[in-house]
Amino acid sequence: MEPEGSTSRRLDKEFLLYESDRFGERNQTLMDMNDKVAQYGFTVLFGGVFPLSPLIAAVMEIYTRLKDVERYTKTQRRAVPRRYEGVGCWEEIIDLVNILAIITNVWIVVFRSTFVSQYSSEYPILSISLISGICFLVYVIRAMLQVHSIPEKVKRFKQAEIGAADDFLKSLLKQ
(Lines give C-alpha, C1' and ligand atoms only; values in the text may rest on other atoms or scores of the structure.)
Protein backbone atom coordinates (compact mmCIF):
# COMPACT_ATOMS: atom_id res chain seq x y z
CA MET A 1 0.00 0.00 0.00
CA GLU A 2 1.36 3.39 -1.01
CA PRO A 3 1.69 6.26 1.45
CA GLU A 4 -0.71 9.14 0.77
CA GLY A 5 2.03 11.54 -0.36
CA SER A 6 3.37 9.20 -3.05
CA THR A 7 -0.01 9.08 -4.84
CA SER A 8 -0.18 12.85 -5.05
CA ARG A 9 3.42 13.01 -6.29
CA ARG A 10 2.62 10.44 -8.98
CA LEU A 11 -0.46 12.41 -10.05
CA ASP A 12 1.54 15.65 -10.11
CA LYS A 13 4.16 13.96 -12.25
CA GLU A 14 1.52 12.65 -14.67
CA PHE A 15 -0.09 16.09 -14.85
CA LEU A 16 3.17 17.62 -16.04
CA LEU A 17 3.37 15.25 -19.01
CA TYR A 18 2.29 16.48 -22.44
CA GLU A 19 -1.36 16.07 -23.26
CA SER A 20 -1.93 13.38 -25.85
CA ASP A 21 -4.02 15.77 -27.96
CA ARG A 22 -1.34 18.47 -27.83
CA PHE A 23 0.59 16.84 -30.65
CA GLY A 24 -2.61 16.14 -32.52
CA GLU A 25 -3.68 12.57 -31.88
CA ARG A 26 -5.32 12.30 -35.29
CA ASN A 27 -2.18 13.63 -36.95
CA GLN A 28 -0.05 11.12 -35.00
CA THR A 29 -2.34 8.27 -36.03
CA LEU A 30 -2.13 9.42 -39.66
CA MET A 31 1.67 9.58 -39.50
CA ASP A 32 1.90 6.14 -37.87
CA MET A 33 -0.33 4.65 -40.56
CA ASN A 34 1.63 6.47 -43.27
CA ASP A 35 4.86 4.89 -42.00
CA LYS A 36 3.32 1.42 -41.82
CA VAL A 37 1.86 1.57 -45.34
CA ALA A 38 5.15 2.88 -46.79
CA GLN A 39 7.09 0.13 -45.02
CA TYR A 40 4.59 -2.49 -46.27
CA GLY A 41 4.87 -1.11 -49.80
CA PHE A 42 8.65 -1.25 -49.84
CA THR A 43 8.60 -4.78 -48.43
CA VAL A 44 6.13 -6.26 -50.92
CA LEU A 45 7.29 -4.29 -53.94
CA PHE A 46 11.01 -4.86 -53.57
CA GLY A 47 11.13 -8.07 -51.54
CA GLY A 48 12.15 -10.03 -54.63
CA VAL A 49 15.06 -7.68 -55.36
CA PHE A 50 16.25 -7.33 -51.77
CA PRO A 51 15.24 -10.44 -49.78
CA LEU A 52 16.39 -8.96 -46.47
CA SER A 53 13.75 -6.21 -46.62
CA PRO A 54 11.18 -8.18 -44.52
CA LEU A 55 13.80 -8.75 -41.82
CA ILE A 56 14.76 -5.07 -41.79
CA ALA A 57 11.06 -4.13 -41.68
CA ALA A 58 10.54 -6.42 -38.67
CA VAL A 59 13.50 -4.90 -36.82
CA MET A 60 12.23 -1.39 -37.58
CA GLU A 61 8.76 -2.36 -36.35
CA ILE A 62 10.18 -3.62 -33.04
CA TYR A 63 12.14 -0.39 -32.65
CA THR A 64 9.05 1.69 -33.44
CA ARG A 65 6.99 -0.22 -30.88
CA LEU A 66 9.63 0.39 -28.20
CA LYS A 67 9.69 4.11 -28.99
CA ASP A 68 5.87 4.21 -28.88
CA VAL A 69 5.89 2.53 -25.46
CA GLU A 70 8.36 5.14 -24.24
CA ARG A 71 6.26 7.96 -25.68
CA TYR A 72 3.00 6.70 -24.18
CA THR A 73 4.46 5.94 -20.74
CA LYS A 74 7.02 8.67 -20.14
CA THR A 75 6.29 11.74 -22.23
CA GLN A 76 2.52 11.81 -22.79
CA ARG A 77 -0.56 11.62 -20.65
CA ARG A 78 -2.86 8.70 -21.07
CA ALA A 79 -4.92 9.12 -24.26
CA VAL A 80 -8.70 9.16 -24.31
CA PRO A 81 -9.84 5.99 -26.08
CA ARG A 82 -11.61 6.54 -29.39
CA ARG A 83 -13.14 4.03 -31.75
CA TYR A 84 -12.21 4.07 -35.43
CA GLU A 85 -13.94 1.99 -38.08
CA GLY A 86 -11.43 0.40 -40.42
CA VAL A 87 -8.34 2.03 -41.86
CA GLY A 88 -10.15 4.64 -43.93
CA CYS A 89 -8.58 5.76 -47.19
CA TRP A 90 -5.58 3.50 -46.59
CA GLU A 91 -7.60 0.48 -47.73
CA GLU A 92 -7.62 1.64 -51.35
CA ILE A 93 -3.92 2.54 -51.16
CA ILE A 94 -3.04 -0.90 -49.78
CA ASP A 95 -5.09 -2.53 -52.57
CA LEU A 96 -3.17 -0.49 -55.15
CA VAL A 97 0.15 -1.46 -53.54
CA ASN A 98 -0.91 -5.13 -53.64
CA ILE A 99 -1.70 -4.92 -57.36
CA LEU A 100 1.60 -3.18 -58.08
CA ALA A 101 3.41 -5.80 -55.98
CA ILE A 102 1.86 -8.58 -58.02
CA ILE A 103 2.99 -6.94 -61.26
CA THR A 104 6.54 -6.13 -60.10
CA ASN A 105 7.15 -9.52 -58.51
CA VAL A 106 5.85 -11.40 -61.55
CA TRP A 107 8.00 -9.13 -63.75
CA ILE A 108 11.07 -9.97 -61.66
CA VAL A 109 10.37 -13.71 -61.73
CA VAL A 110 9.69 -13.77 -65.47
CA PHE A 111 12.76 -11.78 -66.48
CA ARG A 112 15.07 -13.59 -64.07
CA SER A 113 13.99 -17.05 -65.25
CA THR A 114 16.11 -18.85 -67.81
CA PHE A 115 13.06 -19.95 -69.82
CA VAL A 116 12.09 -16.44 -70.88
CA SER A 117 15.64 -15.25 -71.46
CA GLN A 118 16.24 -18.28 -73.65
CA TYR A 119 13.30 -17.54 -75.97
CA SER A 120 12.88 -13.78 -75.63
CA SER A 121 15.08 -12.96 -78.61
CA GLU A 122 13.16 -15.33 -80.89
CA TYR A 123 9.67 -14.57 -79.54
CA PRO A 124 9.55 -11.07 -77.98
CA ILE A 125 5.79 -11.30 -77.43
CA LEU A 126 6.34 -14.36 -75.21
CA SER A 127 7.64 -12.40 -72.23
CA ILE A 128 4.83 -9.83 -72.37
CA SER A 129 2.11 -12.46 -72.72
CA LEU A 130 3.66 -14.55 -69.94
CA ILE A 131 3.76 -11.55 -67.61
CA SER A 132 0.16 -10.62 -68.45
CA GLY A 133 -1.09 -14.18 -67.98
CA ILE A 134 0.64 -14.74 -64.65
CA CYS A 135 -0.47 -11.32 -63.32
CA PHE A 136 -4.04 -12.02 -64.33
CA LEU A 137 -3.95 -15.47 -62.74
CA VAL A 138 -2.49 -14.18 -59.47
CA TYR A 139 -4.99 -11.31 -59.37
CA VAL A 140 -7.93 -13.68 -59.94
CA ILE A 141 -6.69 -15.99 -57.17
CA ARG A 142 -6.28 -12.98 -54.87
CA ALA A 143 -9.82 -11.80 -55.65
CA MET A 144 -11.23 -15.28 -54.99
CA LEU A 145 -9.51 -15.48 -51.61
CA GLN A 146 -10.88 -12.15 -50.36
CA VAL A 147 -13.77 -12.29 -47.93
CA HIS A 148 -16.39 -9.78 -49.02
CA SER A 149 -19.14 -10.51 -46.53
CA ILE A 150 -19.20 -10.78 -42.78
CA PRO A 151 -21.36 -13.60 -41.37
CA GLU A 152 -24.49 -12.43 -39.55
CA LYS A 153 -23.38 -14.02 -36.28
CA VAL A 154 -20.13 -12.01 -36.35
CA LYS A 155 -22.05 -8.78 -37.12
CA ARG A 156 -24.36 -9.31 -34.11
CA PHE A 157 -21.42 -10.05 -31.83
CA LYS A 158 -19.56 -6.97 -33.06
CA GLN A 159 -22.62 -4.73 -32.48
CA ALA A 160 -23.06 -6.10 -28.96
CA GLU A 161 -19.36 -5.57 -28.25
CA ILE A 162 -19.47 -1.98 -29.55
CA GLY A 163 -22.57 -1.23 -27.48
CA ALA A 164 -20.97 -2.60 -24.31
CA ALA A 165 -17.76 -0.65 -24.92
CA ASP A 166 -19.67 2.58 -25.58
CA ASP A 167 -21.72 2.11 -22.40
CA PHE A 168 -18.54 1.52 -20.43
CA LEU A 169 -16.88 4.67 -21.82
CA LYS A 170 -20.00 6.77 -21.13
CA SER A 171 -20.06 5.55 -17.54
CA LEU A 172 -16.39 6.47 -17.12
CA LEU A 173 -16.91 9.94 -18.54
CA LYS A 174 -19.89 10.61 -16.24
CA GLN A 175 -17.79 10.02 -13.13
Side-chain angles (χ1 to χ4, degrees), residues 20-21 23-73 75-76 79-162 165:
S20 60
D21 286 334
F23 295 118
E25 187 177 326
R26 288 187 182 271
N27 189 33
Q28 186 62 41
T29 304
L30 179 69
M31 293 305 295
D32 288 345
M33 198 63 183
N34 186 17
D35 292 342
K36 300 231 183 292
V37 170
Q39 187 174 15
Y40 172 74
F42 286 133
T43 303
V44 297
L45 285 171
F46 306 115
V49 178
F50 185 60
L52 288 177
S53 65
L55 178 66
I56 292 172
V59 169
M60 289 302 298
E61 185 62 29
I62 291 169
Y63 175 75
T64 304
R65 294 278 172 109
L66 291 174
K67 294 306 281 182
D68 286 345
V69 166
E70 181 181 345
R71 182 180 67 197
Y72 290 131
T73 57
T75 61
Q76 278 186 328
V80 177
R82 290 186 176 88
R83 179 174 300 280
Y84 294 106
E85 290 293 326
V87 292
C89 65
W90 293 109
E91 189 170 353
E92 288 85 20
I93 295 170
I94 291 172
D95 282 343
L96 178 66
V97 168
N98 286 337
I99 292 168
L100 292 174
I102 290 170
I103 293 169
T104 58
N105 287 321
V106 166
W107 193 278
I108 290 168
V109 167
V110 166
F111 280 107
R112 295 294 297 168
S113 70
T114 58
F115 175 76
V116 174
S117 62
Q118 194 174 23
Y119 295 107
S120 63
S121 60
E122 296 174 30
Y123 307 104
I125 197 76
L126 174 70
S127 58
I128 300 298
S129 59
L130 193 59
I131 289 171
S132 302
I134 293 173
C135 284
F136 179 74
L137 182 66
V138 171
Y139 189 73
V140 166
I141 291 171
R142 177 184 167 270
M144 287 176 17
L145 292 177
Q146 281 184 329
V147 177
H148 293 289
S149 63
I150 300 173
E152 194 60 39
K153 189 175 181 180
V154 174
K155 284 181 186 176
R156 284 194 307 259
F157 178 75
K158 186 176 178 184
Q159 287 301 323
E161 186 181 64
I162 289 171

Donor-acceptor pairs under 3.5 angstrom involving side-chain atoms of residues 96-103: please list them, not counting sequence neighbours.
residue	atom	partner	partner atom	Å
Asn98	OD1	Tyr40	OH	2.5
Asn98	ND2	Ile94	O	3.4

Other residues, nucleotides and ligands only: do more than 12 of their heavy atoms fall within 6.0 Å of CD on Glu91?
no
Who are the side chain to side chain contact (heavy atoms under 4.5 Å, CB included) partners of Ile62, not counting sequence neighbours?
Leu66
Strictly by side chain to side chain donor-acceptor pair (under 3.5 Å), give each pair with a member in residues 41-64 just once, sequence neighbours left out.
Lys36-Glu61, Glu61-Arg65
For the residue pair Leu45 and Asn105, what are the closest heavy atoms and their distance?
O-OD1, 3.9 Å
Under the ring-ring contact (aromatic ring centres under 6.0 Å, His included) test, residues paired with Trp90 that sit two or more places apart:
none
List in chain and number order the residues that pass side chain to side chain contact (heavy atoms under 4.5 Å, CB included) with Val140, two or more places apart in sequence or in another chain; answer none if no residue qualifies.
Phe136, Met144
Qualifying residues under salt bridge (charged side-chain N to carboxylate O under 4.0 Å, His left out), relative to Asp95, sequence neighbours excluded
Arg142
